[in-house]
Amino acid sequence: MADISLTLPDGNQRSYPAGVTGAEVAADISKSLAKAAISCSIDGRHSDLSQPINADAAFAIHTIKDEAQALELIRHDTAHIMARAVQELWPDVKVTIGPVIEHGFYYDFDRAEPFSVEDLDQIEKKMREIINRRDPVTTEIWERDRALKHYEANNEPYKVELVGMIPEDQAIRMYWHGHWQDLCRGPHLVHTGQVPADAFKLMKVAGAYWRGDSARPMLQRIYGVAFRNKDELKAHLTMLEEAEKRDHRRLGREMDLFHMQEEAPGQVFWHPNGWTIYTTLQDYMRRRQTEGGYVEVNTPQVVDRKLWVASGHWDKYQENMFIVEVDEEHAREKAINALKPMNCPCHVQIFNQGLKSYRDLPLRMAEFGSCNRYEPSGALHGIMRVRGFTQDDAHIFCTEDQIESETRIYIDFLASVYRDLGFEKFKVKFSDRPDKRAGSDEVWDKAEAALKSATIATGYEFELNPGEGAFYGPKLEFVLTDAIGRDWQCGTHQVDFVLPERLDANYIGEDGAKHRPVMLHRATLGSFERFIGILIEEHAGRLPFWLAPRQVVVAAIVSDADDYVRDVVAALKARGIRAEADIRNEKINYKVREHSVGKVPVILACGMREVGERNVSVRRLGDKQTSTASLDEIVNALAIEATPPDLARRA
RNA sequence: GCCGGUCUAGCUCAGCUGGUAGAGCGCCUGAUUUGUAAUCAGGAUGUCGGGGGUUCGAGUCCCUCGACCGGCACCA
């Protein structure tokens with residue numbers, strides 16, 4: 001057989017007979033490498049060591065030190081080992097799929113009995129046994145029919161379905177360790193003993209629909225995490241504990257920001273502290289939008305069904321609307337209204353008042369629009385996914401030609417807002433045309449191209465979400481991440497060709513004829529509720545000074561300083577700073593601790609020394625050290641610090 | 001909405017196989033005048049998520065409804 005030439009990462013070339021395996025190459029290089037090898041890359045394609053190599057290639061051996069490859073293999077094989085453990089414990093359980101995910105893996109099972117927490121312990125134990133057996137991993141390529149017959153004979157209906165789904169031109173790879181078999185494209189470790197037995201943990205059980213389809217049976221999914229060693233696992237678990245402390249639901253209680261209760265699921269009771277954040281944020285957004293050329297409007301909450309029928313919501317969105325029936329006096333039929341789930345139809349009503357000229361476009365119409373949506377109960381999550389919320393919504397009425405420039409202007413606007421609020425980074429997702437859509441392909445081409453080029457022009461990279469656009473137009477989504485890594489869409493920017501048509505919006509063009517405007521739906525924070533949730537988690541409750549609900553506490557060390565404390569508070573308040581006095585009969589240690597836990601950014605302590613010298617002892621949240629400042633100094637400094645970023649820029 | 005779990009004082013939680021509720025923190029009262037992350041002593045906490053059932057007796061067992069938590073599905 002002809003020789004092939006493999007180029008190693010150090011540039012050296014070695015030649016081997018065609019069909020040589022990665023394992024053989026590793027053994028040829030050195031005995032220790034052969035032992036440490038877990039997989040290889042052939043022309044950059046990650047592959048297992050048993051794979052024959054038939055052509056010249058760039059070649060690299062991987063060991064556990066290669067983090068990306070090692071983690072992929074460990075997580076992948078741990079998933080298989082878990083599935084095997086489950087089937088060894090409960091032979092009647094049907095296996096399905098088990099991919100690698102961030103930090104670990106999951107595997108979906110079909111089992112009549114639910115898995116309990118105790119079961120997880122048992123499975124983990126069995127997994128360690130399997131790892132200790134050090135069974136070699138083998139794979140074979142089978143004929144499709146043989147694989148189908150095999151799974152039919154073994155009563156594995158999900159595998160039968162999976163084999164059927166593999167495209168004709170792809171090989172059916174059968175995979176074993178010990179006597180246990182699975183369908184898998186690989187790559188895999190050399191033997192099960194290469195999985196670290198002390199660096200994985202099964203985390204939780206959850207329901208998951210077979211193939212993600214809610215019409216299909218619900219399977220049981222076991223999630224696990226897996227790492228290269230015990231320390232990495234421990235670090236991950238510590239990170240999760242830390243993240244839990246940043247949870248906005250916990251901080252919301254600890255900082256007395258808001259609460260929620262059974263009588264109003266998915267709706268927020270804002271307490272004074274939380275509402276201060278909300279209104280401060282709203283004031284900021286109002287200034288920014290005014291500066292950005294928006295006009296602000298306000299529209300009704302309860303709107304007759306007629307409008308929702310006309311807008312199309314009654315058809316497409318009814319399940320998510322709160323319907324309000326009213327017995328109007330003398331009426332034969334009850335009037336049927338809905339709480340508005342969106343502001344767009346109402347904004348078109350304002351646009352439609354009087355004639356609009358092309359000179360009025362682009363018309364940027366903003367509303368802090370209070371919306372209600374009947375979200376499925378399982379979707380609710382703290383204040384991040386709620387049924388009652390307020391959007392910083394706006395609709396830009398413009399011409400097709402203006403889509404690109406309006407998009408560009410908007411992305412710059414959004415990025416600047418996010419920066420002011422402490423988010424330097426955010427993801428942009430671009431969703432293009434779905435299968436079911438309104439409007440011609442030419443119009444879609446134009447709109448998609450406009451969104452893309454505008455995004456690129458502003459210097460942001462986007463991820464493509466193919467086919468995820470709304471039926472009425474493509475969209476950009478601006479995504480932020482919460483404390484435990486879950487993504488939340490906050491900002492959105494969507495092109496809409498349909499609503500202006502349905503609600504008969506038009507303007508008089510240069511040619512004197514009527515034309516249809518395009519609508520751009522856009523929201524920056526998304527909803528105040530969600531954004532504040534993200535803000536709390538991002539800052540772990542330590543909000544920037546200008547947003548902090550309680551900015552300064554002035555604490556007396558002895559009660560003889562009480563009068564001076566009141567003076568200090570008055571001086572701060574006179575400059576618009578949110579300050580309060582703490583003249584309770586408690587030790588300064590106690591007060592410092594309590595306000596630190598409450599995330600108050602600045603504590604000014606006053607004892608008799610400060611009274612005498614008319615200064616204060618300044619303690620910043622998180623600092624161990626204190627400093628001393630004169631009263632005038634600190635009031636000025638804090639007044640500057642309390643200035644919202646947009647006003648600070650103007651000053 | 002679906003699967004699983006949870007629901008006991010304001011908060012965090014204990015309460016064994018059924019015998020009418022506990023701790024710490026917080027709160028209230030008093031003492032203490034305190035120098036930068038919890039001063040001491042005393043006191044009160046409650047329809048054990050709602051409703052129904054089994055039982056002589058239910059926080060504990062069963063049914064049902066609700067909310068919450070974690071996923072899944074959904075997210076114009």
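Chain letters run A, B, ... following the sequence lines, proteins first, then strands; residues in each count from 1.
- With rounding to whole Å, A:Leu240 atom CG is found 18 Å from B:C69 atom P.
- A distance of about 27 Å separates the C1' atoms of B:U20 and B:C25, rounded to the whole Å.
- Remark on RNA chain B: of its neighbouring residues A:Ser377 and A:Glu468, the 5'-side contact belongs to A:Ser377, judged by nearest-heavy-atom nucleotide.
- A:Lys204 comes within 4.0 angstrom of the backbone, heavy atoms only, and of no base.
- The gap from the P atom of B:G51 to that of B:U47 amounts to 12 Å, rounded to the nearest Å.
- B:A67 atom P lies 12 Å from atom CD of A:Gln267, rounded to whole Å.
- Within 4.0 Å of A:Ala379, counting heavy atoms only, lies at least one base atom of the nucleic acid.
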Using Watson-Crick and G-U wobble pairs with both distances under 3.5 Å, what is the 5'-to-3' dot-bracket string of RNA chain B, with [ ] for crossing pairs and | for pairs outside the strand? (((((((..((((.....[..)))).(((((.......))))).....(((((..]....))))))))))))....
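- For A:Pro265, counting side-chain heavy atoms from C-beta on, the closest listed nucleotide (B:A37, B:A67, B:U36) is B:A67.
- A:Lys429 and A:Glu468 are not joined by a salt bridge, as no carboxylate oxygen comes within less than 4.0 angstrom of a charged side-chain nitrogen.
- In the set B:A37, B:A73, B:C72, B:A73 carries the atom at the smallest distance from any side-chain atom of A:Ser214.
- For the P atoms, the distance from B:G49 to B:G15 is 15 Å, rounded to whole Å.
- Side-chain contact between A:Gln267 and A:Val386 is absent, with no heavy atoms from C-beta onward closer than 4.5 Å.
- Note: CG (A:Asp108) to P (B:A73) measures 10 Å, nearest angstrom.
- In this structure, of B:G1, B:G35, B:A37, it is B:G35 that holds the atom nearest to the side chain of A:Ile588.
- Side-chain N/O atoms of A:Ser617 include none lying less than 4.0 angstrom from OP1 or OP2 on B:G35.
- At least one side-chain nitrogen or oxygen of A:Tyr590 sits closer than 4.0 Å to the OP1 or OP2 atom of B:G26.
- As rounded to whole Å, 16 Å separates atom P of B:C2 from atom CD of A:Gln220.
- For the pair A:Leu380 CG and B:C69 P, the computed distance is 8 Å after rounding to whole Å.
- Between A:Asn589 and B:U36 there is no side-chain N or O to OP1 or OP2 distance below 4.0 Å.
- In terms of polar N and O atoms assigned as donor or acceptor, the side chain of A:Arg385 comes within less than 3.5 Å of the base of B:C75 in a complementary pairing.
- Looking at heavy-atom distances under 4.0 Å, A:Arg609 makes contact with a base.
- Evaluation of atom-type donor-acceptor distances gives a pair under 3.5 Å for the side chain of A:Arg619 against the base of B:A37.
- Between A:Trp270 and A:Trp275, the two ring planes are tilted [angle within 30° to 60°].
- For the pair A:Gln489 and A:Ala605, nearest-nucleotide mapping onto RNA chain B gives the more 5' position to A:Ala605.
- Taking the side chain as every heavy atom from C-beta outward, A:Arg437 and A:Tyr472 never approach each other to under 4.5 Å.
- In the model, A:Asn615 has no side-chain atom that pairs as donor or acceptor with a side-chain atom of A:Thr628 under 3.5 Å.
- A:Met321 comes within 4.0 angstrom of no nucleic acid atom, judged by non-hydrogen atoms across all strands.
- Using a 4.0 Å heavy-atom distance criterion, A:Phe471 is classed as a base contact.
- The A:Glu262 side chain lies nearest to B:G66 when the options are B:G1, B:G66, B:C75.
- Between B:C3 and B:G18, the two C1' atoms lie 31 Å apart (nearest whole Å).
- Scanning atom types as modelled, one donor and one acceptor separated by under 3.5 angstrom connect the side chain of A:Tyr209 and the base of B:G1.
- Between A:Arg249 and the phosphate of B:C11, there is no side-chain N or O to OP1/OP2 separation shorter than 4.0 Å.
- Nucleotides B:A44 and B:A9 place their C1' atoms 11 Å apart, quoted to the nearest Å.
- Using a 4.0 Å heavy-atom criterion, one finds that A:Glu263 contacts no nucleic acid atom at all.
- When the side-chain nitrogen and oxygen atoms of A:Arg486 are compared with OP1 and OP2 of B:G70, one or more of them lie within a distance under 4.0 Å.
- In this structure, the side chains of A:Leu233 and A:Phe200 stay at 4.5 Å or more apart for every pair of heavy atoms.
- An OP1 or OP2 oxygen of B:U12 is reached within less than 4.0 angstrom by a side-chain nitrogen or oxygen of A:Arg253.
- Applying the 4.0 Å criterion to OP1 and OP2 of B:G70, one finds that A:His381 has a side-chain N or O inside that range.
- Nearest to the side-chain atoms of A:Tyr374 among the listed nucleotides B:A73, B:A37, B:G1 stands B:G1.
- Across all strands shown, A:Ala206 has heavy atoms under 4.0 Å from base atoms, whether or not it also approaches the sugar-phosphate.
- Nucleic acid contact for A:Gly382: sugar-phosphate only, since backbone atoms but no base atoms lie under 4.0 Å from a heavy atom of the residue.
- Contact annotation for A:His313: base contact, defined as any heavy-atom pair under 4.0 Å involving a base atom.
- Because its NZ or CZ atom is both nearer than 6.0 Å to the ring centre of A:Phe227 and within 45° of the ring axis, A:Arg75 counts as a cation-pi partner of that residue.
- A gap of 43 Å separates the C1' atoms of B:A21 and B:C74, to the nearest Å.
- In this structure, A:Trp210 places its CH2 atom 22 Å from P of B:C2, rounding to the nearest Å.
- When heavy atoms are screened at a 4.0 angstrom cut-off, A:Lys591 is found touching no nucleic acid atom at all.
- Within 4.0 Å (heavy atoms only), A:Pro114 reaches sugar-phosphate atoms of the nucleic acid but no base atom.
- No salt bridge links A:Glu594 with A:Lys591; every basic N to acidic carboxylate O contact stays at or beyond 4.0 Å.
- The line from OH of A:Tyr590 to CZ of A:Arg584 is 5.5 Å long, rounded to the nearest 0.5 Å.
- A donor-acceptor contact under 3.5 Å is formed by the side chain of A:Ser559 with the base of B:U33.
- Separation of the P atoms belonging to B:U12 and B:U64 is 29 Å when rounded to the nearest angstrom.
- For a distance-only test at 3.5 Å, the side chain of A:Glu610 qualifies as a donor-acceptor partner of the base of B:G35.
- Using a cutoff of 4.0 Å between basic side-chain nitrogens and carboxylate oxygens, A:Asp432 and A:Lys475 are not scored as salt-bridged.
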